[in-house]
Amino acid sequence: RIFEKDGRMQENVSDVQGQVLVVSQFTLYGNLRKGTRPSFTRAAAPELAEELYNQYISELQALGLPVATGRFGANMQVSFTNDGPVTLLLER
């Protein structure tokens with residue numbers, strides 16, 4: 001429950017009749033602790049990552065949520081409006 005009602009985060013995406021945007025973004029896993037370039041050695045292999053990406057989308061759709069997606073591995077320009085003071089990174 002991450003959407004606000006009555007001053008508290010107490011509603012989920014279904015409660016607010018929201019939608020989910022799922023975009024693959026392996027660069028979020030980049031490690032900048034060493035050297036002059038980011039390392040992505042801990043990111044999943046592309047085949048596994050695509051399988052997980054598609055599985056996640058399927059699970060959201062199975063919950064009855066409207067889901068929009070990017071194209072896995074594509075060079076995309078994505079923009080959105082972050083509505084509120086909170087940004088969360090969800091990991092499984």
Side-chain angles (χ1 to χ4, degrees):
R1 299 179 304 173
I2 61 172
F3 297 97
E4 186 178 331
K5 179 180 180 184
D6 300 327
R8 295 182 53 200
M9 296 171 82
Q10 58 185 351
E11 294 199 313
N12 63 40
V13 68
S14 294
D15 295 334
V16 299
Q17 298 178 354
Q19 301 175 39
V20 178
L21 172 62
V22 181
V23 177
S24 65
Q25 179 59 300
F26 83 95
T27 58
L28 292 175
Y29 218 73
N31 183 337
L32 299 168
R33 292 187 190 132
K34 189 170 142 182
T36 58
R37 294 182 304 184
S39 169
F40 301 104
T41 58
R42 296 192 61 191
E47 300 79 21
L48 173 59
E50 185 171 12
E51 181 181 328
L52 293 170
Y53 174 76
N54 290 327
Q55 180 182 351
Y56 183 65
I57 292 165
S58 294
E59 289 180 17
L60 291 170
Q61 291 170 331
L63 294 172
L65 295 170
V67 179
T69 66
R71 197 173 93 229
F72 185 86
N75 183 1
M76 296 174 284
Q77 294 184 10
V78 178
S79 64
F80 66 95
T81 301
N82 187 7
D83 183 12
V86 177
T87 301
L88 303 169
L89 175 61
L90 304 176
E91 294 189 40
R92 274 180 64 160

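What's counted below: heavy atoms across the whole structure, side chains too, no hydrogens, waters or symmetry copies.
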query = Are any side-chain N or O atoms of Asn54 and backbone N or O atoms of Glu51, one a donor and one an acceptor, separated by less than 3.5 Å?
reply =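 It does not hold such a pair.
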key: N/O donor-acceptor pair under 3.5 Å between Tyr53 side chain and Val22 backbone   =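 Between the backbone of Val22 and the side chain of Tyr53 there is a qualifying donor-acceptor contact (under 3.5 Å).
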query = Under a single-linkage definition using a 4.5 Å side-chain heavy-atom cutoff for Ile, Leu, Val, Met, Phe, Trp and Tyr, are Tyr56 and Leu63 assigned to the same hydrophobic cluster?
reply =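 Yes, because Tyr56 and Leu63 connect within a single hydrophobic cluster, where side-chain heavy atoms sit under 4.5 Å apart.
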Would you say [X] and [Y] make side-chain contact, with heavy atoms under 4.5 Å?
X     : Y     : result
Leu21 : Val78 : yes
Val23 : Thr69 : no
Gln19 : Leu65 : no
Met9  : Arg1  : no

ask   = What pair of heavy atoms forms the shortest contact from Phe3 to Val16, and how long is it?
value =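 Phe3 and Val16 have their closest heavy atoms at CB-CG1, 3.8 Å.
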query = Which heavy atom of Ser24 sits nearest a heavy atom of Arg71, and at what distance?
reply =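 Looking at all heavy atoms of both residues, the closest pair is OG-O, 4.4 Å.
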ask   = Rounded to the nearest 0.5 Å, what separation is found between the CD atom of Gln55 and the CD atom of Glu50?
value =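 Here the interatomic distance stands at 13.0 Å.
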query = Taking atom CD of Glu59 and atom CG of Leu52, what is their separation to the nearest 0.5 Å?
reply =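 The distance works out to 9.5 Å.
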Anything under 3.5 Å between a donor and an acceptor, one on a side chain of residues 38-47, the other on a protein residue two or more places apart or in another chain? List them.
residue	atom	partner	partner atom	Å
Ser39	OG	Thr41	N	3.4
Ser39	OG	Thr41	OG1	3.3

key: Exceeds 12 heavy-atom contacts within 6.0 angstrom, atom CD of Gln10   =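 Enclosed: over 12 neighbouring heavy atoms sit under 6.0 Å from CD of Gln10.
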